[in-house]
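Structure first, then comments.
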Number of protein chains: 2
Amino acid sequence: MNGSRYWINGQPGTQLDVADRALQYGDGVFETLRIRNAKPEYLALHLQRLRAGCERLGFPGIDWQTLRRELHDLAAQHDGRVMKIILSRGSAGRGYRPAPGSAVTRIVSIHALPEQPDTAGGVRVRICTTRLGYQPLLAGIKHLNRLEQVLGRMECEGRWQEGLMRDPEDNIVEGTMSNLFLVSGDRLVTPSLARAGVEGITRARILAIARRMGIHCDIRDVNADELATIDGMFVCNSLIGIWPVTRFEGRSLPIGDLTGELQQRLLESMCAEH
Amino acid sequence: MNGSRYWINGQPGTQLDVADRALQYGDGVFETLRIRNAKPEYLALHLQRLRAGCERLGFPGIDWQTLRRELHDLAAQHDGRVMKIILSRGSAGRGYRPAPGSAVTRIVSIHALPEQPDTAGGVRVRICTTRLGYQPLLAGIKHLNRLEQVLGRMECEGRWQEGLMRDPEDNIVEGTMSNLFLVSGDRLVTPSLARAGVEGITRARILAIARRMGIHCDIRDVNADELATIDGMFVCNSLIGIWPVTRFEGRSLPIGDLTGELQQRLLESMCAEH
């Protein structure tokens, strides 16, 4: 099976009600994860972020039990693939204001693992012209308003595997589809996501692993200028794990021991927990 | 006919491909307009904004002739109703980066005119807690990333007919579904939309009418504090025309002569041009 498959509210199907608010306003949240050992990887963390998103958007009640069961069932049948989960506020009249009594639409889909560039030797990363706006109300959650990422991603054609996105004040926030870590000596730095960006599950995993290793990680604003003097850099997400950055704009970067060790431990922790 | 009707790429239908990027990322633009005298009102201006949006998002080529013909045909059959037009980047693989060769999806729908509150005596307007982020790349165009408006609109329950939204620096930008004009003596002020907000078609019409009347209109940042001392205020959009604001937060406002005259001339110009 190479194609994608979709389930809408538990039923197989490829067509959605055109009045759905996900389509009309981007009124929803989503998750993308790997199925490993026939299980949805780090499902608890993904469900936690989904739940935080639904709360932030004021969604009506959701049957989490049914969703969790459905995801486990689908994962059992689609090992090694990618699972995407969308929760939309559903179809509810016309206009920005949700109609009372709307019911959340859940869309689950299974996809092939995207073709990855050969990243064993690290990836090439640039800075995007497209910037992220500040929106603390939506920062952190993985909502469906993704035009900034689409525009940023369009800048990563050709030899650039990822692009870093700045906020209006020249802080680097994240990649177009990943979170960013910087290596400075034996310490880590990752940008604060209080005003923009998505709080990645793999980012949280890496923070936990670093803590267990006794490695300090600063979570703070990172001005773009800092990147000129940094010792190392990597990006991460649920599908790629860790990509070491070996070329940043015009500069070569080494894959340091710390990045290698984190890659190894992330992989081990994935296997151990399943 | 009270229900809504939909056409997808010219074919009647209520179901959209679930892989469509409008749904996955809010990757599209839209317009809402009135059908008056069996014609799409100010269609040229709406198409112009659609075109600007498609260019800003880097959409592939669009068959504007076919779209225009379709809109005229539908308007001829649905006088007095509301028309909504969505252009999406279409279905094109998974991931933020659009796949090459994607074709734009056009969704046209016809709806009943929304039930309007009795606004002859003016409307009650508050300031929303939800703010608009700065995003100059998306400012002005009417894209499908509308979570800010959804959250803002949810604050306008009950006795508030509209809510005004501030930017991060306490400037008032617009209403949740309208643009804002302030009356100061014999002059008008309307907020700049360079970093946030939608450049409304009715706003443009009012600016043109004011110019013809010899009335000066400042387009500039408007700090929220200014609203405490303003002589009058109105909001506008393509469906409501002009709503005079007679209650702003705790304060009563008169419907001045200028607002009344603009209402009258806007209505006349609508009739004259059709």
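Just the heavy atoms: all of them, side chains too, but no hydrogens, waters or symmetry mates, feed the values below. We name chains A, B, ... by the order of the sequence lines, and we start the count at 1 in each one.
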> Who among B:Arg195, B:Gln24, B:Met177 has the most heavy-atom pairs with chain A under 4.5 Å?
Replying inline: B:Gln24
> So which of B:Thr176, B:Leu57, B:Val82 has the biggest tally of heavy-atom pairs under 4.5 Å with chain A?
Replying inline: B:Leu57
> A:Leu144 versus chain B, heavy atoms under 4.5 Å apart: side chain, backbone, both or neither?
Replying inline: both
>> Quick check on A:Leu239 against chain B: is it the side chain, the backbone, both or neither that has a heavy atom closer than 4.5 Å?
In response: side chain
Of the listed residues ([options]), which shares the most heavy-atom pairs with chain B below a 4.5 Å separation?
options                             : value
A:Pro168, A:Pro98, A:Gly58          : A:Pro98
A:Asp27, A:Ile86, A:Thr32           : A:Asp27
A:Ser109, A:Ser88, A:Gly13, A:Gly26 : A:Gly26
A:Lys84, A:Glu155, A:Arg56          : A:Lys84

Can you give me the closest heavy-atom contact between [X] and [Y], atom names plus distance?
X        : Y        : result
B:Leu147 : A:Asn145 : N-OD1, 2.9 Å
A:Gln135 : B:Gly133 : NE2-N, 3.5 Å
A:Arg89  : B:Val150 : NH2-CG1, 3.5 Å

> Which answer fits B:Leu132, side chain, backbone, both or neither, if we ask what part of it has an atom under 4.5 Å from a heavy atom of chain A?
Replying inline: backbone
If you round to the nearest 0.5 Å, how far is [atom2] of [Y] from [atom1] of [X]?
X        : Y        : atom1 : atom2 : result
A:Arg131 : B:Tyr134 : CZ    : OH    : 14.5 Å
B:Leu23  : A:Phe30  : CG    : CZ    : 11.0 Å
B:Leu137 : A:Glu148 : CG    : CD    : 8.0 Å

> Do the side chain of B:Arg97 and the main chain of A:Cys156 share a donor and acceptor less than 3.5 angstrom apart?
Replying inline: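 Answer holds: yes.
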> How far apart are the C-alpha atoms of A:Gln149 and B:Tyr25, what are their side-chain angles, what is the distance that settles it, and do they pass the side-chain contact (heavy atoms from CB on, under 4.5 Å) test?
Replying inline: CA-CA 9 Å; A:Gln149 282 69 32; B:Tyr25 308 119; over 6 Å; no
